[in-house]
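The chains referred to below are lettered A, B, ... by the order of the sequence lines, with proteins before strands, and numbering in each begins at 1.
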Amino acid sequence: MIIATYNINSINRRLPLLLQWLEQRKPDIVCLQELKVNQSSFPEEPLKAAGYNAIWKGQQTWNGVAILARNREIQELRTTLPGEEDDSQSRYIEAIIDQMIIGCIYLPNGNPYPGPKFDYKLRWFERLRKHACFLYEYDVPVILAGDFNVMPTELDVYKPQKYINNALYRPESREAFEEILKQGWTDAVRKLHPSTPEYSFWDYMRNAFARDAGLRLDFFLLSPHIAQRLKKSGVDREIRAAEGSSDHAPVWIEIK
DNA sequence: ATGGCGGTTAGCAACCGA
């Protein structure tokens with residue numbers, strides 16, 4: 001079984017590439033972020049024709065998250081992260097698929113640091129920490145997948161010294177991620193590949209992809225039930241290399 | 001410091017986000 005996460009940077013802009021990738025990789029479950037589409041303009045029909053059921057939480061212009069499942073039922077559990085009732089940003093959606101809880105995450109970028117956006121990022125991290133704790137203690141199979149907008153270690157950044165005051169690499173952000181991991185979650189890709197970067201994002205600027213000036217921003221956090229079933233993982237760089245790509249590549253894991 | 005990309009608004013460029 002293959003589960004993937006992909007920050008798609010506008011789903012309608014990227015639809016042909018998305019359909020091509022779905023056809024090639026054939027993931028069973030996909031978490032998408034940065035849909036950049038309002039709730040009524042999500043391309044439900046083309047995805048249905050490709051064999052994928054979908055749930056989504058859209059938003060005009062920014063953010064937006066979705067979960068796709070191939071030939072499977074999706075039972076939506078929630079479309080917001082608890083803790084801030086007036087939060088209008090679409091950054092979380094959660095479902096039950098095949099008796100697993102799948103949480104799709106688009107964590108705030110938080111730049112510039114310091115400032116209100118960084119404060120919002122840290123508040124969001126704290127809300128996620130609490131909700132992750134709740135899910136973990138539920139003692140059911142859980143996968144939290146998505147763009148966490150953080151590089152937890154030096155290995156996850158092509159040039160760490162450039163990012164000292166970047167919201168994605170600030171100690172506060174890295175510590176917040178570590179706090180969640182410490183609950184007992186497994187960082188699936190790092191577990192399988194402890195010493196290679198496994199970047200998932202390359203800036204559009206300055207020829208970053210060709211230089212492999214990348215960041216690892218997209219993660220799978222696995223509860224113990226799922227972690228023991230983990231087989232392999234990969235980053236689909238050829239999709240990032242394609243004409244008109246997102247600035248992220250799809251990342252996937254295979255579980256037994 | 002610069003700069004690339006997508007989306008939106010107000011219109012054919014300027015901004016915002018990241």
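Counting only N and O atoms by type, the side chains of A:N7 and A:E34 include a donor and acceptor under 3.5 Å apart. A donor-acceptor contact closer than 3.5 angstrom links the side chains of A:E94 and A:H131.
Ion pairing between a basic and an acidic side chain is recognised when a charged N comes within 4.0 Å of a carboxylate O; A:R237 and A:D212 show such pairing. With respect to A:R240 and A:D247, no salt bridge is recorded, no charged nitrogen being found less than 4.0 Å from a carboxylate O.
Taking atom P on both nucleotides, B:dG3 is separated from B:dG7 by 22 Å, rounded to a whole Å. Comparing the same atom, P, in B:dC12 and in B:dA18 gives a spacing of 26 Å after rounding to whole Å. For the C1' atom pair drawn from B:dC15 and B:dG11, the interatomic distance equals 14 Å after rounding to whole Å. Rounded to whole Å, the P atom of B:dT9 lies 25 Å from the corresponding atom of B:dG4. For B:dA10 and B:dA14, the P atoms lie 16 Å apart once the distance is rounded to whole Å.
A straight line from NZ of A:K162 to P of B:dA18 spans 19 Å, rounded to a whole angstrom. One can place CZ of A:F209 at 14 Å from P of B:dC5, the figure rounded to the nearest angstrom. Summarising the geometry, the separation between OH on A:Y204 and C1' on B:dT2 is reported as 19 Å, rounded to the nearest angstrom. Atom pair A:L32:CG and B:dG6:P shows a separation of 17 Å (rounding to whole Å applied). Computed from coordinates, the A:I8 CD1 to B:dC5 P distance equals 17 Å when rounded to whole Å. The distance from atom CZ of A:F118 to atom C1' of B:dA18 is 15 Å, rounded to the nearest whole Å. Put simply, CZ on A:R206 is 12 Å from P on B:dC5, counting in whole angstrom units. A:L107 places its CG atom 13 Å from the C1' atom of B:dA18, with the value rounded to the nearest Å.
Around atom CD of A:E154, no more than 12 heavy atoms belonging to other residues, nucleotides or ligands sit under 6.0 Å away. More than 12 heavy atoms of other shown residues, nucleotides or ligands fall within 6.0 angstrom of atom OH in A:Y204.
Along DNA chain B, the nucleotide nearest to A:N149 and the one nearest to A:D203 differ in position, and the one closer to the 5' end is contacted by A:D203. A residue-by-residue look at A:N63 and A:M205 shows that A:M205 has its nearest nucleotide of DNA chain B further toward the 5' end.
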Under 3.5 Å, which N/O atoms of the protein pair with N/O atoms of nucleotides 7-11 of chain B?
{"residue": "B:dG7", "atom": "OP1", "partner": "A:S10", "partner atom": "OG", "Å": "2.0"}

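Scanning all heavy atoms of the two residues, the minimum distance from A:R229 to A:M100 falls at NH1-SD, 4.5 Å.
Within 4.0 Å (heavy atoms only), A:N109 reaches sugar-phosphate atoms of the nucleic acid but no base atom.
Checking B:dA18, B:dG17, B:dG4 against every side-chain atom of A:R91, the shortest atom distance belongs to B:dA18.
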